[in-house]
Amino acid sequence: MPELPEVETVARNVEPHIIHKTISRCEVSWPKTIATPSVEMFQKKIVGQKVNSVSRRAKFITIRLGQDSLLIHLRMSGDLVICNQDRAPQPHDRATIHFSDETRLVFNDPRKFGRLWLVNDPEVVTGHLGYEPLSPSFTVAILAQVLGSSHRNIKAFLLDQTQVAGLGNIYTDEALFRAGILPTRKTNDLSKKEVEQLHFAIRSVLEVGIAQNGASFDWVYRGGNFQNNFMVYQRNGQPCKICGEKITKARLGQRGTHYCLNCQK
DNA sequence: AGGGTAACCCGGACGC
DNA sequence: TGCGTCCGGGTTACCC
């Protein structure tokens, strides 16, 4: 095996390092609720299985194995690290999957919010999810349809993974700003033009976020550079980058919600 | 159906 | 310096 640099990675960078490899061993060091089914079953069943493919569904990473599928949700602070056997264990390593060629896939997660599943059918985990916003099937007409069938405020709707899947608090606030829509608006009260703007905003915000490898705030919430593109998120009290008005932060649906009262209607 | 709340976590920021 | 308290990310459970 050639020299393998340690890679702090995002999902789409994992595949080339693990594809077609066979799992020889698995350690889970935080045995409370991290793994489904039980940690014991997880560790036992995963050994001997070969990686067939790596894909993504909303915020879930799906690794199809010979027999089962391994699903990973990083939540906020989770990280996947590809390394060789020389890497010393780190303080927040929660699970380590060893491959027969001595390389490893380490799940590191300071906040212990991330989750792992080993299931026969990935739909058991992801079956409840709504539309994939970057999929061609997610059209303006589809968005208009799901918005029309709900009576909630748009902020809560966008966070609901069973409707449109994959937006978290940051991307919801950023998408609503870019669409010029206040987070308190009702889903079934948006004009045709606003739905079009929202559809475009959801996609572009995710595309930029993915291109930037996500956002970093500090050493825990670390990733890429999307924070440089924040228009409203965590900018409360600061001037709007478009109109100069102070960005407002309010509590909506138990979540910090950031918006510009001038740019968003 | 929608909304509100609590729980799960813990490093960091803040106040005293 | 040191200690206590609160925050926030995503999700589920549960209640009204």
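Convention: sequence-line order gives letters A, B, ...; per-chain numbering from 1.
- Within the structure, ring pair (Phe, Tyr, Trp, His ring centres under 6.0 Å) pairs that include any residue of residues 128-166 of chain A comprise A/Phe138-A/His199 (at least two apart or interchain).
- Computed from coordinates, the A/Ile170 CD1 to C/dG9 P distance equals 7 Å when rounded to whole Å.
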Could you run down the sub-3.5 Å N/O contacts of the protein with nucleotides 4-6 of chain B?
from	atom 1	to	atom 2	distance (Å)
B/dT5	OP2	A/Gln254	NE2	3.0

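- Here side chain to side chain donor-acceptor pair (under 3.5 Å) pairs that include residues 64-73 of chain A, with residues two or more places apart or in two chains, are A/Gln49-A/Asp68.
- Contacts of A/Asp121 classified as side chain to side chain contact (heavy atoms under 4.5 Å, CB included), with partners at least two apart in sequence or in another chain: A/Glu123, A/Val124.
- Side-chain atoms of A/Thr184 and A/Asn153 include no donor-acceptor pair closer than 3.5 Å.
- Note on residues 224-233 of chain A: pairs passing side chain to side chain donor-acceptor pair (under 3.5 Å), not counting sequence neighbours, are A/Gln212-A/Asn229.
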Hey, can you pull the donor-acceptor pairs under 3.5 Å for the side chains in residues 162-169 of chain A, sequence neighbours left out?
from	atom 1	to	atom 2	distance (Å)
A/Thr162	OG1	A/Asp160	OD1	2.8
A/Thr162	OG1	A/Asp160	OD2	3.3
A/Asn169	OD1	A/Lys155	NZ	2.5
A/Asn169	ND2	A/Gly256	O	3.0

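- The interatomic distance linking A/Met76 (CE) with C/dG8 (P) rounds to 12 Å, in whole Å.
- By the side chain to side chain contact (heavy atoms under 4.5 Å, CB included) test, A/Ala179 pairs with A/Ile181, A/Gln197, A/Leu198, A/Ala201, sequence neighbours left out.
- Whole-Å rounding puts the A/Ile61 CD1 to C/dG10 C1' distance at 14 Å.
- OP1 and OP2 of B/dC9 both lie 4.0 Å or more from every side-chain N or O belonging to A/Ser77.
- Regarding A/His258, its NE2 atom lies at a distance of 7 Å from the P atom of C/dG9, rounded to whole Å.
- Counting non-hydrogen atoms under 4.0 angstrom, A/Tyr171 reaches nothing in the nucleic acid.
- In this structure A/Glu196 satisfies the salt bridge (charged side-chain N to carboxylate O under 4.0 Å, His left out) test together with A/Lys192, sequence neighbours excluded.
- Residue contacts for A/Lys249: at a heavy-atom cut-off of 4.0 Å it reaches the sugar-phosphate backbone alone, with no base atom in range.
- If you measure from atom CZ of A/Arg115 to atom C1' of B/dA7, you get 11 Å, rounded to the nearest angstrom.
- An OP1 or OP2 oxygen of B/dC10 is reached within less than 4.0 angstrom by a side-chain nitrogen or oxygen of A/Lys112.
- Judged by distance alone, the side chain of A/Arg185 and the main-chain N or O of A/Asp189 form a donor-acceptor pair under 3.5 Å.
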**Item:** Letter per nucleotide, 5' to 3', of nucleotides 11-16 of chain C [B base touched, S only sugar-phosphate touched, - untouched; heavy atoms, 4.0 Å]
**Value:** BS----
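- Across all strands, A/Arg94 comes closer than 4.0 Å to no nucleic acid atom at all (heavy-atom distances).
- One interatomic measurement links the two molecules: CD of A/Gln234 to P of C/dG8, which rounds to 9 Å at whole-angstrom precision.
- One interatomic measurement links the two molecules: CZ of A/Arg152 to C1' of B/dG3, which rounds to 10 Å at whole-angstrom precision.
- Across the protein-nucleic acid pair, A/Leu158 atom CG and C/dG10 atom C1' stand 15 Å apart, rounded to whole Å.
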